[in-house]
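Inspection log for the structure reproduced underneath, given as C-alpha cells.
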Amino acid sequence: MKIPKDHPRYRSLVTREKLVEAYKQGVLAPEGLIAHGRGESFDYLLGEKTVPPAEKAERASAAMLLNSKRPVLSVNGNVAVLAGESIIRLAEAVPCKVEVNLFHRTEERISKIAELLEAFSDMPVLGRNATARIPDLDQPRGICDQKGIFSADTVLVALEDGDRTEALVRTGKDVIAIDLNPLCRTSQKATITIVDEVTRALPRIIYHVEELKENPKLTQETICSFDNSENLQELMEYIRNSL
Ligand code: ATP
C-alpha cells in the first residue's frame with residue numbers, strides 16, 4: 001500500500017506496513033502484530049516521546065550492561081524488524097552477545113531473524129539449535145542458548161512476556177525490560193524498566209554506553225543511584241500530569 005507522505009500518522013502507518021510485510025515473510029508471528037497495537041496505545045500516553053524517567057532508566061541500563069560480566073540482548077521478531085540494526089550497534093558498543101529468543105518459537109523463524117540481524121555485521125547471532133532451558137518454563141518458551149541467555153548475568157528484553165521475565169528474574173539474573181506498558185508484569189518485575197518505544201530507547205542506551213564506557217566510577221554511581229520502583233512511580237506521575 002502506498003502511504004501518502006503528508007499523512008499525519010505517516011511514521012506509524014509505515015511501521016505497521018513494515019510489520020505486516022515481516023509477518024507475510026514469516027519473520028513475525030501474528031501475535032506480534034497484536035503486541036504492536038497494544039504498544040501504540042501506550043505510546044499515546046507518553047506523547048510518543050522519551051520522557052525523563054525513561055531517559056533515566058536508559059542511562060541506568062547502559063551502566064548495568066557495562067557493569068555485567070555476561071550481558072545478552074534477547075531479540076524477538078518485533079524487535080528485529082523495528083530495531084535490528086540498533087540491537088547490533090548496542091551489542092558492539094557494550095560489547096555483548098545477541099540471542100534470538102522467541103515466545104512463539106519455530107526453528108525457521110529463529111533462523112530468519114538471526115539472518116536479518118547478521119546482515120548488519122559479522123557478529124554471530126545465537127539462538128539456532130539452542131538446547132538449554134530457562135527453569136520453570138515449559139517447552140518451547142523456556143528454550144535458550146547455553147552460551148547466551150542461560151549463562152547470562154544480565155538480559156535485556158523488549159516486548160517480552162511477563163511469565164518469561166519472571167522466570168529470568170527467579171534465576172537471579174538482572175533483567176532490563178523495554179516495554180511501553182508500565183503496568184504489565186514485565187515492567188513490574190524487571191530489575192530496570194524502560195517505558196519507551198524500542199526504536200527510541202535503543203539509540204539512547206547506545207549514547208549512554210558511549211558516554212559511561214571510559215568512566216567506571218560514574219557507571220557504578222549511576223547504578224547505585226537508580227531505584228526502579230521510584231522511577232516507575234515517577235513515570236506514572238508523568239503520565240497522570242500530562243493527561
Ligand atoms: P505481560 O505478560 O508482561 O503482563 P503483555 O501480555 O501485555 O504483558 P505481550 O503482549 O506479550 O505482553 O507484550 C507486548 C508488550 O510490548 C506490551 O506491553 C506492549 O505495550 C509492548 N510494546 C509493543 N510494541 C512496543 C514497542 N514498539 N516498543 C516498546 N514496547 C512495545
Side-chain angles (χ1 to χ4, degrees), residues 9-23 27-51 53-58 61 73-87 89-90 100-106 109 113 116-117 134 136-138 140-142 155-170 173-206 228-229 231-232 235-236 238-239:
R9 302 291 300 159
Y10 178 76
R11 197 169 173 273
S12 160
L13 294 176
V14 168
T15 304
R16 286 181 189 180
E17 281 297 305
K18 205 170 165 183
L19 290 167
V20 168
E21 195 48 44
Y23 162 67
V27 174
L28 201 71
E31 292 82 356
L33 299 174
I34 299 168
H36 181 75
R38 178 156 13 201
E40 278 192 335
S41 59
F42 278 100
D43 210 11
Y44 265 73
L45 302 179
L46 298 173
E48 297 178 319
K49 60 179 191 291
T50 300
V51 302
E55 184 77 42
K56 220 192 276 178
E58 282 151 5
S61 300
L73 312 182
S74 175
V75 180
N76 62 20
N78 288 60
V79 177
V81 173
L82 296 176
E85 186 167 6
S86 292
I87 282 285
R89 298 288 94 88
L90 176 59
V100 181
N101 198 265
L102 305 179
F103 186 87
H104 301 283
R105 185 187 180 96
T106 66
R109 230 156 53 76
I113 296 169
L116 195 154
L117 294 168
I134 304 167
D136 302 329
L137 271 182
D138 57 36
R141 292 187 306 155
V155 183
L156 180 143
V157 297
L159 291 81
E160 182 58 280
D161 166 71
D163 242 27
R164 300 210 313 167
T165 304
E166 278 191 277
L168 288 171
V169 170
R170 268 201 305 275
K173 299 181 196 303
D174 283 324
V175 175
I176 298 168
I178 303 175
D179 198 306
L180 280 160
N181 178 1
L183 302 170
C184 71
R185 285 173 310 147
T186 293
S187 290
Q188 296 293 323
K189 297 289 174 187
T191 319
I192 298 181
T193 309
I194 300 171
V195 182
D196 201 359
E197 207 278 323
V198 68
T199 64
R200 293 195 301 265
L202 289 168
R204 296 309 300 157
I205 304 174
I206 296 169
N228 200 47
S229 42
N231 200 57
L232 268 173
L235 189 118
M236 296 302 290
Y238 187 94
I239 292 176

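Just so you know, ligand 1 is whichever comes first in the structure, and atom 1 is the first atom listed for that ligand. The figures here come from the full heavy-atom set of this structure, side chains too, leaving out hydrogens, waters and symmetry mates.
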Run the numbers for me: atoms of ligand 1, each under 4.0 Å from some heavy atom of [X], listed by number.
X	result
Asn181	18 (O), 20 (O)
Thr186	3 (O)
Gly162	1 (P), 2 (O), 3 (O)
Gly39	19 (C), 20 (O), 22 (N), 23 (C), 24 (N)
Asp161	2 (O)
Leu82	27 (N)

Exercise for review: From the options Gly37, Ala190, Cys184, select the one whose nearest heavy atom is closest to atom 8 (O) of ligand 1.
Suggested key: Cys184
Study note, to complete from the structure: Closest to atom 13 (O) of ligand 1 by heavy-atom distance, out of Glu160, Glu197, Arg200, Arg185, is Glu160
Review point. Hey, are Thr50 and Asp196 close enough side-chain-wise for a donor-acceptor pair under 3.5 Å?
Key: yes
Practice item. Indicate whether the side chain of Asp179 and that of Thr186 have a donor and an acceptor atom separated by less than 3.5 Å. Key: no
Any idea which protein heavy atom is nearest [atom], and the distance to it?
atom	result
atom 24 (N) of ligand 1	Leu159 CD2, 3.4 Å
atom 14 (C) of ligand 1	Ala35 CB, 3.7 Å
atom 29 (C) of ligand 1	Asp196 O, 3.4 Å
atom 15 (C) of ligand 1	Asp179 OD2, 3.4 Å
atom 5 (P) of ligand 1	Arg38 NH2, 3.9 Å

Any [X] side-chain heavy atom under 4.5 Å of [Y] side chain:
X	Y	result
Val51	Leu235	yes
Thr193	Val195	yes
Ile194	Ser61	yes

Check your understanding: What distance do Glu58 atom CD and Ile206 atom CD1 have between them, rounded to the nearest 0.5 Å?
Key -> 11.0 Å
Any salt bridge linking [X] with [Y]? Criterion: basic side-chain nitrogen under 4.0 Å from a carboxylate oxygen.
X	Y	result
Glu48	Arg9	yes
Asp43	Arg38	no
Arg16	Glu40	yes

**Study point:** Protein non-hydrogen atom below 4.0 angstrom of atom 27 (N) of ligand 1 present
**Key:** yes
Review point. Asp43: heavy atom below 4.0 Å from ligand 1, yes or no?
Key: no
Check your understanding: Is there a nitrogen or oxygen of Ile178 sitting under 3.5 Å from a nitrogen or oxygen of ligand 1?
Key -> no
